[in-house]
Protein chains: 2
Amino acid sequence: MQRKLPHSNLYLREEELRRGIELLYFAYRDFTKDPDDILAQSGFGRAHHRVLYFVGRNPGTTVSGLLGLLRITKQSLSRVLGQLVDEGYVEQKPGEVDRRQRLLYLTDKGEDFEKKLFATQRNRVAEAYKKAGPEAVAGFWEVLLNIVDEDQRDTVLRQIEK
Amino acid sequence: MQRKLPHSNLYLREEELRRGIELLYFAYRDFTKDPDDILAQSGFGRAHHRVLYFVGRNPGTTVSGLLGLLRITKQSLSRVLGQLVDEGYVEQKPGEVDRRQRLLYLTDKGEDFEKKLFATQRNRVAEAYKKAGPEAVAGFWEVLLNIVDEDQRDTVLRQIEK
DNA sequence: TTAATATGTCAATAAGGCTGACATAATTTA
DNA sequence: TAAATTATGTCAGCCTTATTGACATATTAA
């Protein structure tokens, strides 16, 4: 596969930085489109998706765990999470060790829905991985990880290597 | 540089797809944070940034050109663009060939502000490129481009190779 | 002359963030 | 044990940014 390599010595030139910034914007724009369409049909939005996704990936997580991962306020999360609980996508169980906590789990309904949402992004990313090849994928991961705030990289690594 | 390579044959496994999806989310989350903070101080939001950015990159673009690139409605663009024009960041000149068009340009004030916003993302991406190395950067570009909608890739390529 | 195009505008609606204030139950600490 | 802290929830109000639909104007093209 022919690939244009960034300039070996001066690869930090304006043009190449612009390219990364723009690709990130366009890729993210399209990446979020498919699940957004499905969510809209159920009266949900992107925020519901994130909650479903991270609760699915981290069953038994607490509200504050989710707040730390999503980095939004509890008032914002509360509205979204409340809807998901009300409509039976997420269930809360009191923590056994610390009974102030509400441990979060997807219900069967929530799992089915999350799978449906995931499938669209999964297909898109799988296609992109296939076209780009394994080495490109490794580079993709590495650059993205280094774009994350330095003090968040450990948290992200723990999350993605779960 | 030691890098974990995705599984050569079965690299489309769930875990590796999840990893890409999550990294994209976390990287984008942090990537947008710095300019968002600066924008908030001036009473602007992320949408203003996008307009400033793409007008800066494509001086003389039309309103419909911008709509196609950003893929939002003209009503949404209109509000944001109107504010930027009112406050002297963007200027509109009637098209010479087609006088219905309003060609868009950054003013000096707009250019200064855009540079300030760009600098934050530029630094972040430059650091990430440096840490990951040129080959990783090439992979980063390639995967991102393939995540973009297939029918949008030419448009995106024309934009990033400008 | 008519139709289509580029742009702008008004109005209503919605998602999803935010801040601030306050409440409750449970746990930890002094 | 009493007081402070923590985990969570909730109410109220505000902002940005997106949406749809309808309509207006100027200009260009058929």
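In what follows, every chain begins at residue 1, and chains take the letters A, B, ... in the order their sequences are listed.
For B:L103 and C:dT7, the CG to C1' distance is 12 Å, given to the nearest whole Å. Atoms CG (A:D37) and C1' (C:dA15) sit 15 Å apart, rounded to a whole Å. Atom C1' of nucleotide D:dT28 and atom CD of B:E96 are separated by 16 Å, given to the nearest angstrom. One interatomic measurement links the two molecules: CG of A:L84 to P of C:dA15, which rounds to 13 Å at whole-angstrom precision. Going from atom CZ of B:R102 over to atom C1' of C:dT5 covers 14 Å, rounded to whole Å. Atoms CG (B:L70) and P (D:dT19) sit 10 Å apart, rounded to a whole Å. In this structure, CD of A:Q101 is placed 11 Å from P of D:dG9, rounded to the nearest angstrom.
Salt-bridge check for B:E14 with A:R122: passed, with a basic side-chain N closer than 4.0 Å to an acidic carboxylate O.
Ring-plane geometry between B:Y129 and B:F140 is classed as perpendicular, the angle between the planes exceeding 60 degrees on a 0 to 90 degree scale with a lower cut at 30. A tilted orientation is assigned to the rings of B:Y53 and B:F118, their planes being inclined by 30° to 60°.
Residues A:H48 and A:E87 are not in side-chain contact: their nearest non-hydrogen atoms beyond the backbone lie 4.5 Å or more apart. The shortest distance between side-chain heavy atoms of A:V90 and A:T107 does not fall below 4.5 Å. Annotation: side chain of B:Q121 is in contact with side chain of B:F31 (closest heavy-atom distance under 4.5 Å).
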Can you check each nucleotide of nucleotides 16-21 of chain C against protein heavy atoms at under 4.0 Å and return B for base, S for sugar-phosphate only, - for none, in 5' to 3' order? BBBBBB
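Residue B:K116 places its NZ atom among 12 or fewer non-hydrogen atoms of other residues, nucleotides or ligands, all under 6.0 Å distant. A 6.0 Å sphere centred on CG of A:D108 holds no more than 12 heavy atoms belonging to other residues, nucleotides or ligands.
When the side chains of ILVMFWY residues are joined at heavy-atom separations under 4.5 Å, either directly or via intervening members, A:L70 and A:V55 end up in a single hydrophobic cluster.
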Output one line per pair: protein atom, nucleotide atom from nucleotides 25-27 of chain D, and distance, for all N/O pairs under 3.5 Å.
{"residue": "D:dT27", "atom": "O2", "partner": "B:R100", "partner atom": "NH1", "Å": "3.2"}

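Note on A:S78: every side-chain N or O is 4.0 Å or more away from OP1 and OP2 of D:dT8.
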